[in-house]
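All chains are named by letter (A, B, ...) in the order of the sequence lines, taking the proteins before the strands, and each is independently numbered beginning at 1.
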Amino acid sequence: MGSSAAHQLKQLKPLYQHVVNNFVAVLAAPLAVAAVVNAARVGPDELIGRLQALRAVHVFLAVFVAAAAATLYVMLRPRSVYLVDYACFRTRPNCRVPFATFLEHAKLVTFVEGASIDERSVRFMTRLLERSGLGEETCLPPAHHYIPPYRNMEASRAEVELVIFSAIDDLLAKTGISPNAIDVLVVNCSLFAPIPSFTDMIIHRYGMRPDIRNVHLSGMGCSAGLISVGLAKNFLQVAPKGAHALVVSTETITPNYYVGKERAMLLPNCLFRIGGAAVLLSTSRARARFRLARVVRTLTGAQDSAYRCVFQEEDGEGHRGINLSKDLMTIAGDALKANITAIGPLVLPASEQLLFALSFIARRVLNRHVKPYLPDFRTAFEHFCIHAGGRAVIDELQRSLGLSDQDVEASRMALHRFGNTSSSSVWYELAYIEAKGRMRRGDRVWMIGFGSGFKCNSAAWECIAPACTAEGPWAESISRYPVDIPEVLKH
Amino acid sequence: MVFEQEQEEVTPGAVHGYRLSTVVPSSVTGEVDYALADADLAFKLHYLRGVYYYPPGDVARGLATKVLKDPMFPWLDDYFPVAGRVRRAEKDAEAAADGAPRRPYIKCNDCGVRIVEAKCDRDMDEWLRDDAPDRLRQLCYDKVLGPELFFSPLLYVQITNFKCGGLALGFSWAHLIGDVPSAVTCFNKWAQILSGKKPEATVLTPLNKPLQGQSPAAAPRSVKQVGPIEDHWLVPAGRDMACYSFHVSETVLKKLQQQQGRHAAAAGTFELVSALVWQTVAKIRGGDVDTVTVVRTGAAARSGKSLANEMTVGYVASAGSSPAKTDVAELAALLTKNVVDETAAVAAFQGDVLVYGGANLTLVDMEQVDVYALEIKGLRPVHVEYGMDGVGEEGAVLVQPDADGRGRLVTAVLPRDEIDSLRAALGSALQVA
């Protein structure tokens with residue numbers, strides 16, 4: 001009985017969605033019919049008589065008020081921001097680090113003076129790597145190919161220059177824009193903030209204008225890419241129309257190799273890999289490929305547990321690293337709920353919102369064990385780019401959002417091919433979807449980023465034009481994907 | 001990148017400032033295992049050490065480490081077993097009941113090749129003129145396989161920069177993975193990729209089946225049984241061994257050829273030069289060098305595999321008289337005609353053996369190996385010397401062509417206290433008459 005009722009409900013659902021989502025039309029249709037019927041009954045002569053009785057002033061006022069209201073609405077509405085194009089750093093084979101090499105290096109570092117990493121740590125890292133969901137093609141910066149790895153400023157700057165200059169070069173070539181035309185420059189990199197900043201490095205290298213608005217965001221975690229996009233959007237909306245903003249997201253791995261033995265701090269060594277992305281935004285729709293619909297930022301840092309969840313500190317022996325707390329998954333889940341609650345009303349169709357509201361009321365009023373209704377975000381988005389923080393994060397989000405394996409495929413494959421590239425991972429995932437040819441005009445994309453703080457940020461995009469070339473970070477490897485990633489990769 | 005470990009004591013003129021890094025194949029090899037042939041396992045206790053010297057100048061100055069490393073990634077795609085690591089086969093039901101160590105193989109896990117960067121505060125010319133014994137060891141990273149086989153690279157490449165701008169490339173190659181011609185061809189291919197040429201395809205046979213034949217009961221006469229070897233693949237010689245290289249000029253070769261007289265059965269240059277060294281070593285040791293092991297390239301017998309141990313191993317016994325008193329010409333004739341070939345027996349023998357310097361003084365023929373072909377961006381090496389590590393007390397002698405191909409360069413791997421005597425004894429023989 002129960003299952004057939006559920007089955008009937010499922011069949012009714014599309015009808016329900018049509019009715020609720022097109023509510024205005026559903027209401028207006030009978031009204032229009034009634035009006036036409038009424039007019040027909042009254043007769044055409046009577047109608048013309050009534051029209052002539054109207055005073056010109058009233059007509060003029062009616063039209064003028066309506067036009068004025070419409071114009072004010074259009075003018076005061078914030079300008080739309082568009083994505084002209086984006087380019088991800090294309091990893092080179094000479095930066096490749098297979099598992100065996102990574103573990104051998106970790107083992108050899110145990111013999112280096114000043115490092116505390118020991119045999120147990122190496123075994124722990126082996127188990128982590130086997131279950132991490134990373135593949136054998138992920139890349140580390142050249143400084144990390146040394147034993148022990150270089151972690152000094154010169155090597156860090158070399159990595160930065162390698163990543164962001166090549167990504168920006170690709171982007172400038174793709175869009176054909178000159179560096180002089182860039183009005184806003186926002187760069188985010190959490191863990192390395194030299195003086196002068198990355199933005200100054202870029203301005204110096206590309207010879208940008210002296211009045212460019214530049215900001216470097218550091219310490220904002222793995223979701224900083226979306227924060228940068230949000231900030232650039234704010235800049236663009238007050239800049240003259242047609243302004244361009246360059247957003248660069250990256251993470252510098254070089255200074256952050258942890259040589260201690262705290263387990264919670266060894267995880268970033270295993271997961272973080274080199275990567276970066278450059279994105280060009282504009283308020284001009286010419287040559288735009290995506291429209292930025294929403295940026296929603298939520299922070300849960302007011303709570304202690306969320307604040308200390310991802311914490312950079314020195315361990316007992318003075319080695320600096322990033323400490324990941326054991327409740328990372330729970331906190332991520334809570335942050336996600338907060339973000340969904342904020343973004344849901346803005347993107348979900350009315351049908352889903354109504355169901356969610358009804359279930360919410362039912363739980364409050366009836367107080368029976370009514371399961372909270374999980375809104376189906378697949379009605380709001382066609383593609384999902386979930387930050388590839390780790391296998392567990394992706395699995396947890398898939399469960400929380402009720403997504404299918406195909407929905408999270410981009411995230412899993414980006415994790416396998418590139419590792420956790422921090423704030424730029426959502427861009428690698430978007431590149432995967434486009435490389436696979438799955439992006440169509442009108443498709444909506446949801447980018448979700450998580451990061452220290454604990455923050456959960458979302459960006460919603462709508463596709464105007466899919467990519468026309470196959471160039472990008474996936475060009476050589478896309479034919480091998482998707483791959484089946486085993487639970488444990490023994491080697 | 002600058003990184004100085006200031007705490008190390010630097011003896012003036014020594015090579016210092018070692019920085020290690022790793023180079024891996026550029027594409028994923030996958031789950032491939034390279035089975036080692038019996039012939040490979042016979043040579044597992046030996047390590048080839050080759051140094052190439054490049055003169056200072058514009059070309060050498062333009063050779064940053066990155067320029068040398070970048071071609072290695074595609075090079076290792078072709079030679080992926082060299083980037084692997086030694087593992088032992090899993091225990092299985094048919095394992096030998098005598099508890100012998102399980103058969104080693106190479107797991108092609110892309111772990112990579114170790115690159116060592118070092119500096120020397122002397123001029124290269126000075127270094128070469130000095131003729132110090134065992135200078136090879138400073139320019140080739142002298143590690144071996146083990147004690148942790150899991151983490152031991154099969155190849156080390158050391159890049160040493162001299163004060164004058166000269167460059168030395170030192171290769172430390174585990175003999176297990178291939179013999180001298182295989183190694184030299186492998187290095188030459190890297191240089192070809194560096195110069196932008198497309199090298200010939202490599203022929204690799206990952207499935208080398210163990211020979212099914214009967215193992216001889218005792219070790220063949222050419223080799224010496226040692227061990228059993230566990231996981232540290234080096235047999236420490238009772239005495240400290242050192243490599244010493246000397247040049248045999250064209251004039252001396254001609255003189256040796258003329259002295260053949262009635263033995264004009266045209267002994268080749270290898271036979272003549274090694275006969276000379278055999279006689280000298282016999283004199284130094286006062287006899288007891290009646291048998292020598294001869295290892296030859298044997299180009300005709302090669303199967304065309306890019307990585308294989310296919311050198312012929314045999315022995316020669318001097319008939320009756322002591323070699324110290326025999327003519328060089330007669331010894332050369334013995335080396336030409338009386339070699340007893342034991343290649344198959346050596347491969348079939350199941351125990352651990354020392355081929356070079358194990359049972360007898362070992363003479364190694366590198367005549368047909370084109371070592372001077374390792375041109376880096378058109379720059380030919382001015383000097384190349386090949387030595388060996390893991391050599392037993394009896395010693396080894398490697399004979400290779402010299403820079404212009406007309407003379408020969410000989411590297412003797414002998415106990416350190418014999419080197420001076422050898423120098424003295426050879427001094428007169430190598431003078432131009």
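Side-chain contact check for A:H144 versus B:S21: every heavy-atom pair is 4.5 Å or farther apart. The closest side-chain heavy-atom distance from B:P25 to A:R96 is below 4.5 Å. Here the side chains of A:H145 and B:V24 are not in contact, with every heavy-atom distance at 4.5 Å or above.
In B:K143, the NZ atom is not crowded: 12 or fewer heavy atoms of neighbouring residues, nucleotides or ligands sit closer than 6.0 Å. Heavy atoms of other residues, nucleotides or ligands lying less than 6.0 angstrom from CZ of A:R157 number more than 12.
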side-chain contact (heavy atoms from CB on, under 4.5 Å) between B:R114 and A:L108, worked out: CA-CA 12 Å; B:R114 198 76 78 227; A:L108 292 170; 3.1 Å; yes
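Rounded to the nearest 0.5 angstrom, B:S27 OG and A:E476 CD are separated by 10.5 Å. The CG atom of B:D70 sits 4.5 Å away from the CG atom of A:N94 when rounded to the nearest 0.5 Å. Atom NE2 of residue A:H105 and atom OG1 of residue B:T22 lie 2.5 Å apart, to the nearest 0.5 angstrom. B:F150 contributes atom CZ, which lies 10.5 Å from atom NZ of A:K107 (distance to the nearest 0.5 angstrom).
The most heavy-atom pairs under 4.5 Å with chain A, out of B:V23, B:T29, B:N109, B:I115, come from B:N109. Contacts with chain A were tallied for B:C111, B:S26, B:P153; B:C111 has the most, counting heavy-atom pairs under 4.5 Å. Interface check for chain B: of the options A:C95, A:A158, A:P98, the most heavy-atom pairs under 4.5 Å are formed by A:P98.
Residue B:P74 does not touch chain A at all, counting heavy-atom pairs closer than 4.5 Å.
Summarising the geometry of B:K69 relative to A:Y146, their closest heavy-atom pair is NZ-OH, 3.5 Å, with the distance given to 0.1 Å.
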